[in-house]
Asker: 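Can you keep this structure in mind? I'll have questions shortly.
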Amino acid sequence: MAVISYRQALHDTLREEMLRDEDVFLIGEEIGVFEGSYKITAGLLKEFGEKRVRDTPIAEEGFVGAAVGAAMLGLRPVVELMTINFSLIALDQIVNHAAKIYGMFGGQTSVPMVLRTPGGGGQQLGATHSQNIELYYAFVPGLKVVAPSTPADAKALLLASIRDNDPVLFLENLALYNTKGEVPDVVEPAEIGKAKVTKQGTDITIIGYSRMAMVAQQVAEKLQAEEGINAEVVDLRSLRPLDRDTVVESVRKTGCAVIAEDDWLTYGIGAEVAASISDGAFDYLDAPVRRVAAAEVPLPYAKPLERAALPSAESLTTAVHQTLDAVGRRR
């Protein structure tokens, strides 16, 4: 068991899969000579050469389209999009081609490709470089969308994504790259579409994904240590398919739920999770489901305003307190 960073887990997994399968290759902006904007691909050009680590022009529609074609012909491209914001330039290739080719051609060809891309605020990159727009893709049948929060899950889910025969959008939050965690010496591919209960509890369920799953874990541990509140934490890990069963089972046990997400509140991922709770656990709820999300504004550049606009441990703690107060459970 090693303690490594989220960044290192991604790097090591890419290298291992390229060694394992010669059909796996990397393609994207500045991933070769520059070794990636976030250094995930450091050293891989030198080790594998230009044929398998392909630097591209700044033309997302072009190189995502090239990856779709390569995948249709049997290769397994792993595309690095510098940020999820830039994926909008390739929206047609992702939504109208990668996601639909298998169905439109009656299963004659699949599109086994991975789109790795970071998102999220907190880095003072401005409104057009700090968005959480995973909902655009989680909405689309034919795509799979995963969002790991820990180095161990980053490795397990990237293994699963590269080996999957469907296109997978692999979400990475910029704030997670330097976080560290234990990673087993041998990691098996995770099951895409399966959430994980990362902390057992009985008082309330806190549901999150990506960065907010990490924050939820920290908040739950602090609430238990300081206030005796025993919160259960569910890390969604996968946004499509969405593991509704694990969420519902947890809420049926605790009777209360708070959903934490980095995207905007209106029409967000949390809205779908809340609807799933209503469908599957309505009679078990002791209080309305609360949601914690980003402010409904283009994210400000100024650090104090940016911090105020993003969901935080403090705002999540407040939501937990309010939910428990509503049913008289707070100790």
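Residue numbers start at 1 and run along the sequence shown.
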Asker: Once ring pair (Phe, Tyr, Trp, His ring centres under 6.0 Å) is applied, what residue pairs with a partner in residues 223-281 remain, sequence neighbours excluded?
Answerer: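 Output for this query is empty, none listed.
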Asker: Hey, quick one: are Val197 and Leu239 part of the same hydrophobic cluster, counting side-chain heavy atoms closer than 4.5 Å, chains of contacts allowed?
Answerer: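 They do share one cluster, since a chain of ILVMFWY contacts under 4.5 Å joins Val197 to Leu239.
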Asker: Which donor-acceptor pairs under 3.5 Å do the side chains of residues 94-107 make with protein atoms, sequence neighbours left out?
Answerer:
| from | atom 1 | to | atom 2 | distance (Å) |
| --- | --- | --- | --- | --- |
| Asn96 | ND2 | Asp92 | OD1 | 2.9 |
| His97 | NE2 | Asp92 | OD2 | 3.3 |
| Lys100 | NZ | Val95 | O | 2.6 |

Asker: Taking atom types as modelled, is there a side-chain donor on Thr117 or Ser87 under 3.5 Å from an acceptor on the other?
Answerer: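 No pair is found: no donor N or O on one side chain lies under 3.5 Å from an acceptor on the other.
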Asker: Return the minimal non-hydrogen interatomic distance between Ala294 and Asp262, and the atom names on each side.
Answerer: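 Looking at all heavy atoms of both residues, the shortest contact is CB-O, 3.5 Å.
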Asker: How close do Asp203 and Gly228 get, counting heavy atoms only, and between which atoms?
Answerer: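 Answer, listing the atom of Asp203 first, then Gly228: OD2-O, 4.0 Å.
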Asker: If you round to the nearest 0.5 Å, how far is CD1 of Ile269 from CZ of Arg240?
Answerer: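 Going from the CZ atom of Arg240 to the CD1 atom of Ile269 covers 9.5 Å.
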Asker: Within 45° of the six-membered ring axis of Phe34 and under 6.0 Å from that ring's centre, is NZ or CZ of Lys39 located there?
Answerer: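 Output yes; distance and angle both within limits.
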Asker: Indicate if Val145 and Tyr136 have the same hydrophobic cluster label, given that clusters are the connected sets of ILVMFWY residues with side-chain heavy-atom separations under 4.5 angstrom.
Answerer: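 Yes, one cluster joins them.
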Asker: Does a salt bridge link Glu221 with Lys199, judged by any charged N lying under 4.0 Å from a carboxylate O?
Answerer: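 Judged by the 4.0 Å cut-off on N to carboxylate O distance, Glu221 and Lys199 do not form a salt bridge.
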Asker: Before you tell me yes or no, could you show the steps for Ser149 and Asp235 under side-chain hydrogen bond (donor to acceptor under 3.5 Å, both in side chains), namely the whole-Å CA-CA distance, both residues' side-chain angles and the distance that decides it to 0.1 Å?
Answerer: CA-CA 8 Å; Ser149 66; Asp235 183 346; 2.6 Å; yes
Asker: Regarding Ser250 and Glu232, do their side chains bring together a donor and an acceptor under 3.5 Å, going by distance alone?
Answerer: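 Checked: Ser250/Glu232 side chains pair up, N/O donor to acceptor below 3.5 Å.
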Asker: I'd like to know if the side chain of Ser5 reaches the main chain of Lys180, judged simply by a donor and an acceptor atom lying under 3.5 Å from each other, with no hydrogens or angles considered.
Answerer: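 Not at all, since once roles are kept as given, no pair shorter than 3.5 Å links the two residues.
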Asker: How does the hydrophobic cluster around Val183 look, that is, which other residues are in it when side-chain heavy atoms under 4.5 Å mark a link?
Answerer: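 Under the 4.5 Å side-chain rule, Val183 groups with Ile4, Leu159, Val187.
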Asker: Could you walk me through whether Val251 and Ile277 pass the side-chain contact (heavy atoms from CB on, under 4.5 Å) test, one step at a time?
Answerer: CA-CA 7 Å; Val251 177; Ile277 294 171; 3.8 Å; yes
